[in-house]
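Working notes, beginning with the structure itself.
All chains are named by letter (A, B, ...) in the order of the sequence lines, taking the proteins before the strands, and each is independently numbered beginning at 1.
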Amino acid sequence: MALTPARTMPGVLELLPLDQIAFQRMLDTIRRNYERFGFLPVETPAIEFADVLLTKTGGETERQVYFVQSTGALDSTGEEAVRRMAALAAGSKADESMESLIQKMHKLAFPTPDLALRFDLTVPLARYVAEHERDLSFPFRRYQMQRVYRGERAQRGRFREFYQCDIDVIGKDSLSIRYDAELPAVIYSVFRELAIGPFTIQLNNRKLMRGYFESLGVADPEQQMLVLREVDKLDKRGADHVRDTLVGEGFGLSPAAVEKILAFVQVRSSSLQDAYDTLDALGAGPEALEQGRAELKEVLGLIHAFGVPETHYALNLSIARGLDYYTGTVYETTLNEHPQIGSICSGGRYENLAGQYTKSHLPGVGISIGLSRLYWQLREAGLVGTAQSTVDVLVTQMDESQLPAYLALAGELRAAGIATEVVLEGGKLGKQFKYADRAGIRFAVVLGEDELAKGVVTVKDLRRGDQFEVVRAELVKTLRVELEQAAAMG
RNA sequence: GUGGACGUAGCUCAGCUGGUAGAGUCCCGGAUUGUGAUUCCGGUCGUCGUGGGUUCGAGUCCCAUCGUUCACCCCA
């Protein structure tokens with residue numbers, strides 16, 4: 001019989017248990033910090049009605065959405081479609097244009113499935129808030145850590161299924177700019193605890209950028225958006241590339257204007273005072289610029305007040321973000337020692353979150369950690385190793401007749417909060433140690449004839465490679481101390 | 001969706017100008033009766049992605065197809 005190859009589709013992150021534990025620890029840390037800052041948990045279904053997910057976006061996103069159809073609803077033979085087309089043709093009025101008939105038939109022949117997988121957590125949040133508006137308290141502060149799906153071609157560090165860990169604050173009618181400063185404070189707290197090395201939360205403001213472009217004669221919002229996208233690539237592609245593109249025919253900007261734009265977006269602040277000075281040095285400009293400048297100054301100052309060290313956040317005027325729904329503050333976070341990894345956390349302010357679902361005006365600000373990518377890239381860079389097992393202790397089986405004693409011992413350890421596994425199958429002691437070692441279990445406990453005679457238990461530390469005896473009654477206490485030390489040393 | 005590269009043991013790869021497959025690793029077993037990870041010895045594993053063509057003969061050349069991967073677009 002031919003075997004079916006056991007494989008997953010490319011672009012998914014499937015881990016071995018010890019790696020999964022490391023991943024899970026990161027998730028725990030993020031959740032703990034989100035909750036510590038007063039955000040409430042929300043989960044939404046992976047599958048949503050397709051029309052709900054696709055209302056606003058269209059185009060680019062639609063290409064990346066996975067449509068879902070239950071097998072029963074599939075018209076695999078096309079029979080149903082043909083039947084309906086025949087009925088449509090038979091029932092059509094004589095004066096109906098061929099064009100309109102063709103359009104209707106096309107819809108029947110190529111129906112869009114009713115359901116789709118979410119491609120981010122922001123659109124489902126918008127739907128969620130619109131749907132439960134009456135039951136929520138505003139400003140609504142929610143965190144959400146779930147998998148999202150994007151039907152793009154797999155690439156280095158890009159996934160088709162990945163975790164996003166979002167926090168958003170949604171206001172009713174209005175939302176203070178102060179929240180724009182709170183999110184970086186949360187992120188600072190998360191990344192500091194994740195211990196992933198020095199990082200910088202970089203900030204910019206779209207109003208400031210648009211205002212500056214406007215002052216250079218780029219007044220059309222659409223074109224401003226295109227320029228935004230282009231300068232966003234500065235760090236990745238280099239100034240020459242951006243210059244060529246902006247002077248080129250797609251944009252047709254004057255070389256003088258382009259040079260000014262390039263000088264503008266190359267600004268990076270080195271301290272809070274430097275950021276203030278830099279912003280002031282831009283000089284007077286259109287209203288948008290003034291507004292953006294005021295917002296940025298307030299946000300930067302408040303981040304400082306939130307206790308984030310100046311070394312961990314900075315002004316970066318090239319940060320723009322590709323998504324068009326951001327209207328004010330935008331964020332991107334990078335690791336200082338691994339710039340090639342790119343942004344590991346980003347987001348921004350949006351003027352009206354749920355305009356396509358409700359008439360209520362719901363401005364918000366949000367930020368998201370792409371955990372699958374972050375974890376994967378940290379691992380590539382050798383910054384996270386495999387974790388230890390969730391099992392603390394393995395009780396070995398020296399003597400089958402003593403099994404009840406082993407079970408009792410394990411029960412005692414568990415009652416003390418120590419995760420314990422008992423070897424139930426027996427076998428050579430060497431194999432039992434090998435099993436513990438490979439499974440990432442740090443401690444093994446041996447209770448054989450010798451120990452029983454002496455009233456002690458042997459504890460072996462698989463990692464250090466040494467072992468010692470403890471009086472039976474002292475075992476729990478000793479292991480607790482050992483485990484505490486092990487945890488403290490990482 | 002557009003363009004390029006590659007497809008040989010579970011994994012990483014070698015196989016020169018065509019002559020019926022190899023290394024490392026992993027896994028399994030052993031190295032005296034209660035000790036893993038280190039060391040030594042031994043062993044399993046492949047219709048060389050698939051289909052067709054050229055040839056006496058193809059992993060090696062040609063075509064197609066599928067798959068993977070990188071870049072672009074866009075993004076976490």
message = Using heavy-atom distances to pick each residue's nearest nucleotide on RNA chain B, tell me which of A:Gly448 and A:Tyr326 is more 5'.
response = A:Gly448
task = Return the nearest nucleotide to the side chain of A:Lys460; candidates are B:rG34, B:rU35, B:rA76.
result = B:rU35
note = Looking only at B:rU35, B:rA76, B:rC28, the nucleotide nearest the A:Arg438 side chain is B:rC28
note = Here the distance between atom P of B:rG36 and atom CE of A:Met398, to the nearest Å, is 13 Å
task = Mind running side chain to side chain contact (heavy atoms under 4.5 Å, CB included) on A:Val423 and A:Leu394 for me, showing each step along the way?
result = CA-CA 7 Å; A:Val423 176; A:Leu394 182 74; 3.8 Å; yes
query = Can you tell me how far P in B:rC45 sits from the matching atom in B:rG22, rounded to whole Å?
reply = 13 Å
task = Please check if any side-chain donor atom of A:Thr458 sits under 3.5 Å from a side-chain acceptor atom of A:Glu451, or the reverse.
result = yes
request  = Measure the distance from CZ on A:Arg160 to P on B:rC75 and round it to the nearest whole Å.
outcome  = 19 Å
task = Go ahead and name the base partner of B:rU33; Watson-Crick or wobble counts if both distances stay under 3.5 Å, otherwise write none.
result = none
key: Separation of the P atoms in B:rU68 and B:rA76, to the nearest angstrom   = 25 Å
note = A:Arg158 atom CZ is separated from B:rC72 atom P, nearest whole Å, by 8 Å
task = Assign each of A:Cys345 and A:Gly11 to its nearest nucleotide of RNA chain B by heavy atoms, then name whichever residue's nucleotide is nearer the 5' end.
result = A:Gly11
note = Checking N1-N3 plus N6-O4 or O6-N4 for Watson-Crick, or N1-O2 and O6-N3 for wobble, each under 3.5 Å, the partner of B:rG24 is B:rC11
ask   = Does A:Glu451 make a side-chain donor-acceptor contact with the base of B:rG34, cut-off 3.5 Å?
value = yes
note = Here the distance between atom P of B:rU35 and atom CZ of A:Arg463, to the nearest Å, is 24 Å
ask   = Of all the nucleotides listed (B:rG36, B:rU68, B:rA76), which has the minimum atom distance to the side chain of A:Phe162?
value = B:rA76
Polar side-chain contact A:Gln467-B:rU35 base: donor and acceptor under 3.5 Å = yes
task = Kindly state whether the ring of A:Phe23 and the ring of A:Tyr163 have centres lying under 6.0 angstrom apart.
result = yes
key: B:rU50 to B:rA9 separation - P atoms, rounded to the nearest Å   = 10 Å
ask   = When you measure from the side chain of A:Arg229, which nucleotide among B:rC74, B:rC28, B:rA76 comes out closest?
value = B:rC74
key: Atom C1', compared across B:rC48 and B:rC13: separation rounded to whole Å   = 13 Å
key: Whole-angstrom distance between B:rG46 and B:rC41, as gauged at atom C1'   = 25 Å
Options B:rG36, B:rG34, B:rU68, nucleotide nearest the side-chain atoms of A:Leu462 = B:rG36
query = Nearest-Å distance, NZ (A:Lys431) to P (B:rC27)?
reply = 13 Å
ask   = Mind checking the C1' distance from B:rU38 to B:rU33? Whole angstroms is fine.
value = 24 Å
query = Taking atom types as modelled and ignoring hydrogens, do the side chains of A:Gln202 and A:Thr334 form a donor-acceptor contact shorter than 3.5 angstrom?
reply = yes
task = Sticking with atom P, work out how far B:rG30 lies from B:rG34, rounded to a whole angstrom.
result = 14 Å
inquiry  = Checking base pairs now: Watson-Crick or wobble, both atom distances under 3.5 Å. What partners B:rA5?
reply    = B:rU68
key: A:Tyr350 versus A:Asp168, side-chain donor and acceptor atoms under 3.5 Å   = yes
query = How many Å lie between OH on A:Tyr163 and P on B:rA76, as a whole number?
reply = 18 Å
query = Using a cut-off of 4.0 Å on non-hydrogen atoms, how would the nucleic acid contact of A:Ser343 be classed: base, sugar-phosphate, or nothing?
reply = sugar-phosphate
ask   = When all nucleic acid strands are considered with a 4.0 Å heavy-atom cut-off, which category describes A:Val148: base, sugar-phosphate, or nothing?
value = nothing
task = Can you tell me the distance, in whole Å, between the CG atom of A:Asp399 and the P atom of B:rU33?
result = 17 Å
key: Value in whole Å for how far the P atom of B:rU35 lies from CG of A:Asp437   = 15 Å
query = Taking only N and O in the side chain of A:Lys233, is any of them less than 4.0 Å away from OP1 or OP2 of B:rC73?
reply = yes
ask   = Strictly by modelled atom types, are A:Tyr435 and A:Glu425 linked by a side-chain donor-acceptor pair under 3.5 Å?
value = no
message = Under 4.0 Å, heavy atoms only, any strand: does A:Thr396 hit a base, just the sugar-phosphate, or nothing?
response = nothing
request  = Report the C-alpha separation of A:Phe468 and A:Glu482 in whole Å, then their side-chain angles, then the decisive distance to 0.1 Å, and conclude whether the side chain to side chain contact (heavy atoms under 4.5 Å, CB included) test is met.
outcome  = CA-CA 12 Å; A:Phe468 56 90; A:Glu482 288 286 333; 3.8 Å; yes
task = Would you mind checking if A:Arg442 and A:Asp392 are paired as a salt bridge, meaning a charged N to carboxylate O distance below 4.0 Å?
result = no
request  = State whether the aromatic ring of A:Phe159 stacks on the base of B:rA76, taking stacking to mean ring centres under 5.5 Å apart and ring planes under 30° to each other.
outcome  = no
query = Is any N or O donor-acceptor pair between the side chain of A:Arg321 and the base of B:rC74 shorter than 3.5 Å?
reply = no
message = Taking only the P atom of each, what is the distance from B:rC61 to B:rU17 in whole angstrom?
response = 9 Å
